[in-house]
Amino acid sequence: MTTTHTTTERNLFTIAHHWRDLRNALATRGTTWPPTMGIATISRRDQDEEQAEAATWRAEALRALERSPDQPGWTAAPLRLDVLDTMVTVEAGLLELADQTAAAIQHAPITPAPPRRSWPDDPRARRTAEADDRRRNQLALRESKNPRRWRYTGEQRTAPLAALWLLARTQGVRGPWRPLTDAEQHRIDTVARTSAGLVERALDVGDGRVRLAAPCPVCAGLLDMHGGAGAAPVARCASCGHTWN
């Protein structure tokens, strides 16, 4: 297993594992505004005009929560809008990715036997035909209830379940689908990395690192800002090792 696949599995598990934490944090008052808006956060190159319009409408709806209708001044929103937008964005992106992946790799389900207009005259041939239809109908019923299949409707369409279904595809779990192509795996890698990053930033549970534009004041080397996971950000020089809080 490659390092990329291992990282993707960790990112998908992070989303599923922390989704309840996001729900719990949703009602906690926050100060981050404006949140990062839109499904374009996950895949800007694939965003079309309809998605952009939907993101705009969602942004306006979220901003409407910022003010009380009977109070002209600013008031704190009843929900943490940064967490809400993270959940909406990540869930929409994962569901879209799961739908597209399933449409490409998932085998079509077995359909029940069609009604017969006539039966063979020979009794033995008729019994064989009836047995074939029963087997097909049983397989169709079993396949319709297969919990491993991704479904386009129903209660399973949530971010954590989509993340776990995509995780199983990345791990190569066998089922009613073909293996992923390199392009399909790359798309899952990209969406999983960006989605997990949004979740970690919303909850402040990830270890962040950013290369700063300003040089080190001691040796003019490169400065990296480290932070996240509840720790205060620290700038550290990659050359001389000096740190600044």
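Ala162 approaches Ala98 most closely through the heavy-atom pair CB-CB, 4.4 Å. Scanning both residues, Ala159 and Glu91, for their nearest heavy atoms gives N-OE2, 2.9 Å.
A heavy-atom distance below 4.5 Å is found between the side chains of Arg187 and Gln100. Taking 4.5 Å as the limit, every side-chain heavy atom of Val218 sits out of range of all side-chain heavy atoms of Cys237. Within the 4.5 Å cutoff, no side-chain heavy atoms of Trp150 are placed close to those of Leu166. You'll find the side chain of Arg23 stays beyond 4.5 Å of the side chain of Val83, heavy atoms only. Residues Thr8 and Gln185 form a side-chain contact, since some pair of their non-hydrogen atoms from C-beta on lies under 4.5 Å apart. The side-chain heavy atoms of Arg157 and Arg151, taken from C-beta on, include no pair separated by under 4.5 Å. Side-chain contact between Cys216 and Ser239: absent, with no pair of heavy atoms (C-beta onward) separated by less than 4.5 Å.
Through direct or relayed side-chain contacts under 4.5 Å between Ile, Leu, Val, Met, Phe, Trp and Tyr, Leu139 connects to Ile110.
Rounding to the nearest 0.5 angstrom, the gap separating the OG1 atom in Thr89 from the CG atom in Leu198 is 7.0 Å. Residue Arg169 holds its CZ atom at 8.0 Å from CD of Gln106, rounded to the nearest 0.5 Å. The distance from the CH2 atom of Trp177 to the CZ atom of Arg149 is 8.5 Å, given to the nearest 0.5 Å. Atom-to-atom distance recorded for Met87:CE and Thr158:OG1 is 10.0 Å, nearest 0.5 angstrom. The line from OG1 of Thr170 to CD1 of Ile188 is 4.5 Å long, rounded to the nearest 0.5 Å.
Arg201 and Asp82 are not joined by a salt bridge, as no carboxylate oxygen comes within less than 4.0 angstrom of a charged side-chain nitrogen.
Within 6.0 Å of CG in Asp122 there are more than 12 heavy atoms belonging to other residues, nucleotides or ligands.
With no hydrogens or angles considered, a side-chain donor-acceptor pair links Thr111 and Arg136 at under 3.5 Å. If you check the side chains of Glu184 and Thr181, you find a donor sitting under 3.5 Å from an acceptor.
No donor-acceptor distance shorter than 3.5 angstrom exists from the side chain of Arg178 to the backbone of His107, with no hydrogens or angles considered.
Under the 4.5 Å side-chain heavy-atom criterion for grouping Ile, Leu, Val, Met, Phe, Trp and Tyr, Val173 is not connected to Leu161 through any hydrophobic cluster.
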Side-chain donor-acceptor distances from residues 11-19 under 3.5 Å, at least two apart:
from: Asn11; atom 1: ND2; to: Thr7; atom 2: O; distance (Å): 3.3
from: Thr14; atom 1: OG1; to: Arg10; atom 2: O; distance (Å): 2.8
from: His18; atom 1: ND1; to: Asp21; atom 2: OD2; distance (Å): 2.9

Side-chain donor-acceptor pairs of residues 123-131 under 3.5 Å, sequence neighbours excluded:
from: Arg126; atom 1: NE; to: Glu130; atom 2: OE2; distance (Å): 3.2
from: Thr128; atom 1: OG1; to: Arg124; atom 2: O; distance (Å): 3.1

